[in-house]
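First the structure, in the form of structure tokens, and then the observations on it.
Just follow the structure's listing: the first ligand is 1, and inside any ligand the first atom is 1.
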Amino acid sequence: MSYDSNNIFAKILRGEIPAHRVYEDEHTIAFMDVMPQADGHTLVIPKTPSRNILDADPETLARLIAVVQKIAVAAKKAFEADGVTVIQFNEPAAGQTVYHLHFHVIPRVEGLPLKPHSGTMEDQGVLAANAQKLRDAL
Ligand code: AMP
């Protein structure tokens with residue numbers, strides 16, 4: 001499978017559609033998931049166009065996971081979480097729905113189950129407020 005440069009995250013990277021960005025560096029951006037599985041659910045993506053982990057180059061992955069860690073630590077603090085779930089899907093059979101490599105970083109509260117994957121669209125005001133909490137923690 002090849003990379004489709006019209007996927008939604010490529011459009012976010014090009015600034016063609018809006019996102020609640022919380023972090024950016026030379027190689028990476030992070031923004032709020034619009035259908036969060038828990039408060040503070042964030043996506044971390046490389047600027048390099050990889051479809052998923054199966055075609056990404058190791059250097060891209062190495063840089064990306066360092067930012068995933070940074071966001072996970074900040075998210076735990078920002079949302080007073082007890083833990084953080086990190087998820088990454090590859091190809092439709094594994095649950096991938098957007099074909100630009102990304103890691104999900106999801107703050108977890110003890111005893112609170114995850115909401116469904118790609119479930120309900122969150123209110124923009126809530127996403128904006130959560131993005132600010134995360135920026136403050138970063
Ligand atoms: P995956 O199944 O791992 O490919 O997950 C894609 C994720 O992207 C899902 O959790 C969606 O809620 C999320 N998503 C889809 N469109 C957008 C968007 N425009 N901005 C932010 N997150 C999105």
Short N or O separations between ligand 1 and the protein, below 3.5 Å:
unit_1   : atom_1 : unit_2 : atom_2 : d
ligand 1 : 2 (O)  : G95    : O      : 2.9
ligand 1 : 2 (O)  : T97    : N      : 3.1
ligand 1 : 2 (O)  : T97    : OG1    : 3.0
ligand 1 : 2 (O)  : H117   : NE2    : 2.7
ligand 1 : 3 (O)  : H102   : NE2    : 2.6
ligand 1 : 3 (O)  : H104   : NE2    : 2.8
ligand 1 : 4 (O)  : T97    : N      : 2.7
ligand 1 : 4 (O)  : T97    : OG1    : 3.3
ligand 1 : 4 (O)  : V98    : N      : 2.9
ligand 1 : 4 (O)  : H102   : NE2    : 3.0
ligand 1 : 5 (O)  : H102   : NE2    : 3.3
ligand 1 : 5 (O)  : H104   : NE2    : 3.4
ligand 1 : 10 (O) : D33    : OD1    : 3.3
ligand 1 : 10 (O) : D33    : OD2    : 2.5
ligand 1 : 12 (O) : D33    : OD1    : 2.5
ligand 1 : 22 (N) : V34    : N      : 3.4

Handout entry: Aromatic ring proximity H102/H104, centre distance under 6.0 Å
Key = yes
Does the side chain of [X] reach to within under 4.5 Å of the side chain of [Y], using non-hydrogen atoms?
X: V86; Y: Q69; answer: no
X: F9; Y: L101; answer: no
X: D82; Y: R108; answer: no

Exercise for the section: Treating Ile, Leu, Val, Met, Phe, Trp and Tyr as nodes and any side-chain heavy-atom pair under 4.5 angstrom as an edge, say whether L127 and F79 lie in one connected cluster. Expected result: yes
Practice task
Examine distances only and state if a side-chain atom of D33 and a backbone atom of H41 form a donor-acceptor pair shorter than 3.5 Å.
Solution key: no
